[in-house]
There are 2 protein chains.
Amino acid sequence: MDTKEKNRHVDYDRPACPVEATLELIGGKWKGIILYYLLNGRLRFSELKRTIGCVTQRMLTKQLRELESSGLVSRTVYAEVPPRVEYELTKEGESLKPVINALKKWGESHALKLLEQRQTSEDETR
Amino acid sequence: MDTKEKNRHVDYDRPACPVEATLELIGGKWKGIILYYLLNGRLRFSELKRTIGCVTQRMLTKQLRELESSGLVSRTVYAEVPPRVEYELTKEGESLKPVINALKKWGESHALKLLEQRQTSEDETR
DNA sequence: CCGTATCCCCCACGATACTG
DNA sequence: CAGTATCGTGGGGGATACGG
């Protein structure tokens, strides 16, 4: 009956780790890039899809819904024809900016390089 | 022959997203908390395990190996009895500090709260 | 103490097709 | 245009047992 019954995010029997908690919220497959693009302002569904490029409608919708139910992104439906739906960061989402920027900055200076080097130690033995 | 043949991390046909790249490196199930604890200095395997609490040896080893092959964590084996193995951040790992701290800070001020509120909108409809 | 080796399950993710 | 509906799959994650 208790609503907390099904909260199985960060495990119970451990002092909640804030780093883990954050990753739980922004760690989905497409959440990073979605938030990244939403930093510059609201975007329509189709704009997001086109910008990201290789994401299916299903996955984009799914990730957006999760971000929405986490309170990071808001969804606005305009009663028009053809339909228009816009997504933008909520207040809480805005507060993520320094985090996303930290991820972005480190990504540019380190992550991209490390991803390429990763496991390229097969000829190194010579 | 080309060593890049098997790099299937971030998809090819899209301008690499640095945010995504970073999340790819630190986004594993236990990587966040591991890095979090390693910020304070080197730790033995058993110390990490005890500190985290609810992680199996298999998973802890696995995640550490991934961090190692990404160049973020170094592994030092001491030829002793009983065996002692210590993990610590590499130079590249150290450069992650601002990122981890950003995740931590936001986690404390927002993520933990948001995780609890998430999906607690079942009675809201009344 | 610090790992592998097995076995297994679930679900995140994807491809595809259909609708208001 | 912006979604749902269905179905299929890989592999991330876990439990357990064994070994140097």
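Quick note on labels: first sequence line is chain A, next is B, and so on, each numbered from 1.
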Test item: A:Phe45 and A:Leu64 side chains (from C-beta on) under 4.5 Å apart, heavy atoms: yes
Heavy-atom side-chain contact between B:Val73 and B:Leu89 under 4.5 Å: yes
Does [N] have its OP1 or OP2 closer than 4.0 Å to a side-chain nitrogen or oxygen of [X]?
X: A:Arg84; N: D:dA2; answer: no
X: A:Lys29; N: C:dG14; answer: yes
X: A:Gln63; N: C:dC13; answer: yes
X: B:Arg65; N: C:dT4; answer: yes
X: B:Thr56; N: D:dT16; answer: no
X: B:Tyr87; N: C:dG3; answer: yes

What integer distance in Å separates [X]:[atom1] from [N]:[atom2]?
X: B:Leu23; N: D:dG12; atom1: CG; atom2: P; answer: 16 Å
X: A:Lys49; N: C:dA15; atom1: NZ; atom2: C1'; answer: 12 Å
X: B:Met59; N: D:dG12; atom1: CE; atom2: P; answer: 9 Å
X: B:Gln57; N: D:dG13; atom1: CD; atom2: C1'; answer: 16 Å
X: B:Glu66; N: D:dG12; atom1: CD; atom2: C1'; answer: 9 Å
X: A:Glu80; N: D:dG3; atom1: CD; atom2: C1'; answer: 16 Å
X: A:Leu43; N: D:dC1; atom1: CG; atom2: C1'; answer: 15 Å
X: B:Leu48; N: C:dC1; atom1: CG; atom2: P; answer: 14 Å

side-chain contact (heavy atoms from CB on, under 4.5 Å) evaluation trace for A:Leu25 with B:Arg118: CA-CA 10 Å; A:Leu25 286 175; B:Arg118 187 165 67 170; 3.8 Å; yes
First of B:Arg75 and A:Gly28 reached from the 5' end of DNA chain C, by closest nucleotide: B:Arg75
Compare the minimum distances between each of [options] and the side chain of [X], then state the nucleotide with the smallest one.
X: B:Val85; options: C:dG14, C:dG3, D:dT4; answer: C:dG3
X: B:Arg44; options: D:dG14, D:dA2, C:dC2; answer: C:dC2
X: A:Pro83; options: C:dC2, C:dT4, C:dG20; answer: C:dG20
X: A:Ser46; options: D:dA2, D:dG20, D:dG13; answer: D:dA2

Between the side chain of [X] and the main-chain N/O of [Y], is any donor-acceptor distance below 3.5 Å?
X: B:Thr90; Y: B:Gly71; answer: yes
X: B:Gln63; Y: B:Trp30; answer: yes
X: A:Thr22; Y: B:Ala111; answer: no

If you restrict it to nitrogen or oxygen atoms, what contacts under 3.5 Å exist between nucleotides 6-10 of chain D and the protein, and what is each distance?
none

Over 12 foreign heavy atoms within 6.0 Å of NZ, A:Lys105: no
B:Lys104, NZ atom: more than 12 neighbouring heavy atoms under 6.0 Å: no
Of B:Lys62 and A:Leu64, the one whose closest DNA chain D nucleotide lies more 5': A:Leu64
